[in-house]
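Following: one structure in structure tokens, then a few remarks.
Side chains are part of it too, since the values below use all heavy atoms of this structure and drop only hydrogens, waters and symmetry mates. In this chain, numbering begins with 1 at the start of the sequence shown.
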Amino acid sequence: MTLVLFDIDGTLLRTRGGSIRAMQRAAEVVFGTPGAFEQVHCAGMLDPDIITEALRPCGIVPREDQWQEFKRAYFSFLREETPHFRLVQGADALVQKLWASGSTILGLATGNFTESAFIKVEAVGLASEWFYANAFGEEVSTRAELVALAIRRARRWYGQPVSRIIVVGDTPRDVRAAKANGCLSVGVAAGGYSLEALHLSGADLCVPALEPNPLLVNFLLDGRL
């Protein structure tokens with residue numbers, strides 16, 4: 001079996017600014033300021049880190065109760081943004097093809113909170129039950145730990161070793177996290193990074209989108225280029 005771990009934002013879908021707008025609205029409600037989200041280079045970051053960095057210039061260090069209040073507000077506002085969300089080209093067809101192959105385990109290795117991750121994938125028509133081996137932004141402190149956690153969960157779920165692990169993401173952070181765990185990687189130039197930037201970061205295969213062409217499908221199923 002091959003384990004394929006997908007990032008969400010910029011890889012499977014685009015929120016077209018919806019995530020940041022929802023976070024700004026939540027910060028306004030909870031902290032009385034929209035924060036400095038426009039100053040944070042969010043690509044590949046974990047959501048808790050994005051929020052922490054955006055609130056730091058405002059002199060805000062959230063208490064635990066404020067974190068919980070923020071997340072409730074954020075998830076509510078994020079649901080209001082879902083009409084703006086769009087799949088990355090080919091993402092639905094690729095995920096369905098991998099799911100139907102019978103030889104892959106699919107998972108999400110995403111910086112999103114658990115709840116926001118499923119709000120997003122379900123909003124664009126991807127079934128949450130397709131993704132078994134998942135790890136989310138509030139569970140770890142680094143992107144590499146995110147991938148490692150998803151791998152452990154895949155092995156527990158499958159009950160035996162996974163022969164090949166491939167991380168699919170749109171940022172150099174995804175590529176580095178794959179390498180840190182001895183995984184192959186696919187760089188998807190559908191977010192803020194070009195094919196060249198992803199290639200230079202060390203991605204094993206770089207694609208402009210996720211159309212299930214033979215090159216991409218063969219690589220994801222058996223690692224062949």
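Electrostatic pairing of R14 and D9 does not count as a salt bridge here, judged by no charged N lying under 4.0 Å from a carboxylate O. Looking at E28 and R25, no side-chain N of the basic residue comes within less than 4.0 Å of a carboxylate O on the acidic one, giving no salt bridge. A salt bridge is absent between D49 and R143: the closest approach of a Lys/Arg side-chain nitrogen to an acidic carboxylate oxygen does not fall below 4.0 angstrom. Salt bridge present: R79 and E115 bring a charged side-chain N and a carboxylate O closer than 4.0 Å. One finds a salt bridge joining R153 and E139 here, because a Lys/Arg side-chain nitrogen approaches an Asp/Glu carboxylate oxygen to under 4.0 Å. A salt bridge does not link E81 to R16: none of the charged nitrogens lies less than 4.0 Å from a carboxylate oxygen.
Heavy atoms only, all atoms of each residue included: L5 and A150 are closest at CD2-CB, 3.7 Å. What you find for T15 and R21 is that their closest heavy atoms are O-NH2, 4.3 Å. V40 and I50 make their closest contact through CG2-O, 4.2 Å (heavy atoms, listed as atom of the first residue, atom of the second, distance). Across every non-hydrogen atom of V147 and C183, the tightest pair is CG1-SG, 4.2 Å. Nearest heavy-atom pair across P212 and K97 is CB-CD, 4.0 Å. Across all their heavy atoms, V88 and A190 have their closest contact at CG1-CB, 3.8 Å.
Aromatic ring pairs are classed by plane angle as parallel below 30°, tilted from 30° to 60° and perpendicular above 60°; the pair Y74 and F70 is parallel. Note on ring orientation: taking the six-membered ring where Trp is involved, the planes of Y193 and H41 are perpendicular (angle over 60°, cut-offs 30° and 60°).
One hydrophobic cluster, built from ILVMFWY side chains closer than 4.5 Å, holds both V168 and V217. By the criterion of side-chain heavy atoms lying less than 4.5 angstrom apart, applied directly or through intervening Ile, Leu, Val, Met, Phe, Trp or Tyr residues, V95 is grouped together with W157 in one hydrophobic cluster. Hydrophobic clustering, with ILVMFWY side chains joined whenever heavy atoms are under 4.5 angstrom apart, groups L3 together with V121. Under the 4.5 Å side-chain contact rule for hydrophobic residues, W67 and M45 share a cluster. In terms of hydrophobic clustering, with Ile, Leu, Val, Met, Phe, Trp and Tyr side chains grouped at heavy-atom distances under 4.5 Å, Y132 and V162 are assigned to a common cluster.
Counted within 6.0 Å of CD on Q66, heavy atoms from surrounding residues, nucleotides or ligands total more than 12; the atom is thus considered enclosed. Within a 6.0 Å radius of CD in Q89, no more than 12 heavy atoms belonging to other residues, nucleotides or ligands are found.
Within the 4.5 Å cutoff, side-chain heavy atoms of I20 are placed close to those of C42. Side-chain contact between L198 and P172: present, with at least one pair of heavy atoms (C-beta onward) separated by less than 4.5 Å. Side chains of Q39 and E53 form no contact here, defined as non-hydrogen atoms less than 4.5 Å apart. Residues N181 and I151 have side chains in contact (heavy-atom distance under 4.5 Å, counting atoms from C-beta outward). Counting heavy atoms from C-beta outward, W130 and L98 have side chains that stay 4.5 Å or more apart. Under the 4.5 Å side-chain criterion, counting only non-hydrogen atoms from C-beta, D47 is not in contact with E138. Looking only at side-chain heavy atoms (C-beta outward), V186 and V207 come within less than 4.5 Å of each other. In this structure, D7 and D170 have side chains that are in contact, with non-hydrogen atoms separated by less than 4.5 Å.
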Steps toward salt bridge (Lys or Arg N to Asp or Glu O under 4.0 Å) verdict (E69, R72):
CA-CA 5 Å; E69 186 181 357; R72 286 192 293 270; 5.5 Å; no
Kindly indicate, with the supporting measurements, whether the criterion side-chain contact (heavy atoms from CB on, under 4.5 Å) is fulfilled by W99 and L94.
CA-CA 9 Å; W99 170 259; L94 178 65; over 6 Å; no
Could you walk me through whether T2 and L220 pass side-chain contact (heavy atoms from CB on, under 4.5 Å), step by step?
CA-CA 8 Å; T2 297; L220 292 175; over 6 Å; no
Go through the steps for L12 and L126 under the test side-chain contact (heavy atoms from CB on, under 4.5 Å), then give the verdict.
CA-CA 9 Å; L12 289 174; L126 299 175; 4.2 Å; yes
Assess whether side-chain contact (heavy atoms from CB on, under 4.5 Å) is satisfied between L55 and V61, documenting all intermediate values.
CA-CA 7 Å; L55 294 175; V61 179; over 6 Å; no
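Note that CD1 of I166 is 9.5 Å distant from CZ of F6, once rounded to the nearest 0.5 Å. Rounding to the nearest 0.5 angstrom, the gap separating the CE atom in M1 from the OG atom in S163 is 8.5 Å. One finds the OG atom of S103 at 5.0 Å from the CG atom of L221 (value rounded to the nearest 0.5 Å). Atom OG of S128 and atom CD of E122 lie 4.0 Å apart (nearest 0.5 Å). Expressed to the nearest 0.5 Å, how far CG of L46 lies from CZ of F113 amounts to 9.5 Å. A distance of 8.0 Å separates NZ of K179 from OG of S201, quoted to the nearest 0.5 Å.
The aromatic ring centroids of F136 and F118 lie less than 6.0 Å from each other.
N213 contributes a side-chain N or O that, together with a main-chain N or O of L215, makes up a donor-acceptor pair within less than 3.5 Å. Within the 3.5 Å criterion, the main-chain N or O of P48 finds a donor-acceptor partner in the side chain of T52. No donor-acceptor distance shorter than 3.5 angstrom exists from the side chain of T11 to the backbone of I8, with no hydrogens or angles considered. In this structure a side-chain-to-backbone donor-acceptor pair under 3.5 Å is missing from T104 to L106.
A side-chain N or O of S19 and one of K120 form a donor-acceptor pair less than 3.5 Å apart. Side chains of E145 and S141: a donor-acceptor N/O pair is present below 3.5 angstrom, by distance only.
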